[in-house]
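Report on the following structure.
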Amino acid sequence: MEPLTTGAIAVATVLATKALEKIGENIGDTLSHKTQQFLELLKQRLPGTFAAIEQAPEQPLNYGQAVLEIETAAKADPNISQVIQELVTVAKAEQNPKIADILATPNLEKLADKIGMVVMSGGTGTINTMNF
């Protein structure tokens with residue numbers, strides 16, 4: 001059971017932010033901005049990964065593959081690495097306890113379930129299946 005990597009935290013943050021915004025949860029402006037910045041960078045550099053993340057949860061996300069592609073790109077491109085680091089830092093400082101709860105998940109196998117549980121406890125959001 002590996003701890004979450006920065007790439008995994010970045011993807012989890014994007015998914016959690018999207019899900020929480022859908023159910024009307026307040027997300028800090030800084031986190032929202034960094035999430036958008038990360039998504040814009042993905043759209044430019046990894047359009048397939050961007051599309052897969054944008055379609056989740058309506059379409060199952062191969063979470064492990066997305067994280068692998070993002071981490072590989074981050075190793076090759078210091079700009080991607082920097083944006084990921086900034087997003088992770090902001091996510092860890094976020095005041096919304098649901099984000100903190102999601103980021104406390106110790107491994108990738110439980111992350112999708114954790115996002116779904118946190119969002120569902122808020123009332124109306126659901127996360128369908130994510131493939132690992």
Side-chain angles (χ1 to χ4, degrees):
M1 310 260 179
E2 77 279 5
L4 290 178
T5 62
T6 56
I9 292 171
V11 174
T13 300
V14 169
L15 295 174
T17 300
K18 283 177 48 177
L20 291 172
E21 286 175 344
K22 257 187 182 176
I23 62 168
E25 284 282 329
N26 290 328
I27 304 295
D29 290 340
T30 305
L31 180 58
S32 182
H33 173 73
K34 285 296 176 189
T35 300
Q36 288 304 318
Q37 184 181 14
F38 175 65
L39 287 172
E40 284 299 318
L41 190 59
L42 284 183
K43 188 176 183 179
Q44 294 169 7
R45 308 276 171 80
L46 298 169
T49 303
F50 168 79
I53 290 171
E54 281 293 294
Q55 292 173 358
E58 289 80 22
Q59 295 290 319
L61 173 64
N62 184 333
Y63 190 85
Q65 183 65 33
V67 170
L68 181 63
E69 290 172 5
I70 289 168
E71 289 184 344
T72 300
K75 288 177 185 173
D77 185 338
N79 190 35
I80 294 173
S81 180
Q82 179 182 350
V83 170
I84 288 172
Q85 289 297 329
E86 291 171 359
L87 177 59
V88 168
T89 300
V90 170
K92 288 181 177 181
E94 172 62 31
Q95 297 299 310
N96 187 314
K98 292 181 180 182
I99 295 286
D101 193 30
I102 290 167
L103 298 182
T105 303
N107 60 63
L108 295 175
E109 288 82 20
K110 299 293 178 189
L111 186 59
D113 290 337
K114 184 65 125 178
I115 293 170
M117 287 187 318
V118 168
V119 172
M120 286 177 17
S121 69
T124 60
T126 60
I127 297 223
N128 297 330
T129 305
M130 290 187 195
N131 298 324
F132 292 98

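The residues of the chain are indexed from 1 along the displayed sequence.
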Extract all donor-acceptor atom pairs below 3.5 Å that involve side chains of residues 78-86 and protein atoms in other chains or at least two apart in sequence.
| from | atom 1 | to | atom 2 | distance (Å) |
| --- | --- | --- | --- | --- |
| Q82 | NE2 | E86 | OE2 | 2.9 |
| E86 | OE1 | K34 | NZ | 2.7 |

Q65 versus E69, side-chain donor and acceptor atoms under 3.5 Å: yes

Could you tell me whether the side chain of H33 reaches within less than 4.5 Å of the side chain of V90, counting heavy atoms only? no

Just so I know, are the side chains of E54 and L42 near enough to count as touching, which here means a heavy-atom distance under 4.5 Å? no

For E71 and T6, the nearest pair of non-hydrogen atoms, with its separation, is OE2-N, 4.1 Å

Mind checking the OG1-CG spacing from T35 to L15? Nearest 0.5 Å is all I need. 10.0 Å

Give a yes or no on whether L41 and L68 share a hydrophobic cluster (residues Ile, Leu, Val, Met, Phe, Trp, Tyr; joining criterion: side-chain heavy atoms under 4.5 Å apart). no

Apply the test side chain to side chain contact (heavy atoms under 4.5 Å, CB included) to residues K92 and I9: give CA-CA distance (whole Å), side-chain angles for both, the deciding distance (0.1 Å), then the verdict. CA-CA 9 Å; K92 288 181 177 181; I9 292 171; 4.0 Å; yes

Closest heavy-atom pair and its distance - A10, F38: CB-CZ, 3.9 Å

Any chance you could measure F50, atom CZ, to Q44, atom CD, to the nearest 0.5 Å? 10.0 Å

If you look at every heavy atom in A56 and K18, which pair is closest and at what distance? O-NZ, 2.9 Å

Can you tell me how far the OG1 atom of T49 sits from the NZ atom of K43, to the nearest 0.5 Å? 14.5 Å

Would you call T17 and I99 a side-chain contact if the rule is heavy atoms closer than 4.5 Å? yes

Minimum heavy-atom distance between L61 and A66, given as atom pair plus value: CD1-CB, 4.2 Å

Determine whether a donor-acceptor pair (N or O, by modelled atom type, separation under 3.5 Å) exists between the side chain of E94 and the backbone of G28. yes

Does atom CD (Q95) have a neighbourhood of more than 12 heavy atoms from anything else shown, all under 6.0 Å? no

If you compare all heavy atoms of I70 against all heavy atoms of G7, which two are closest, and at what distance to 0.1 Å? CG2-CA, 4.4 Å

Evaluate the side-chain proximity of N96 to I27: yes if any heavy-atom separation is below 4.5 Å, no if none is. yes

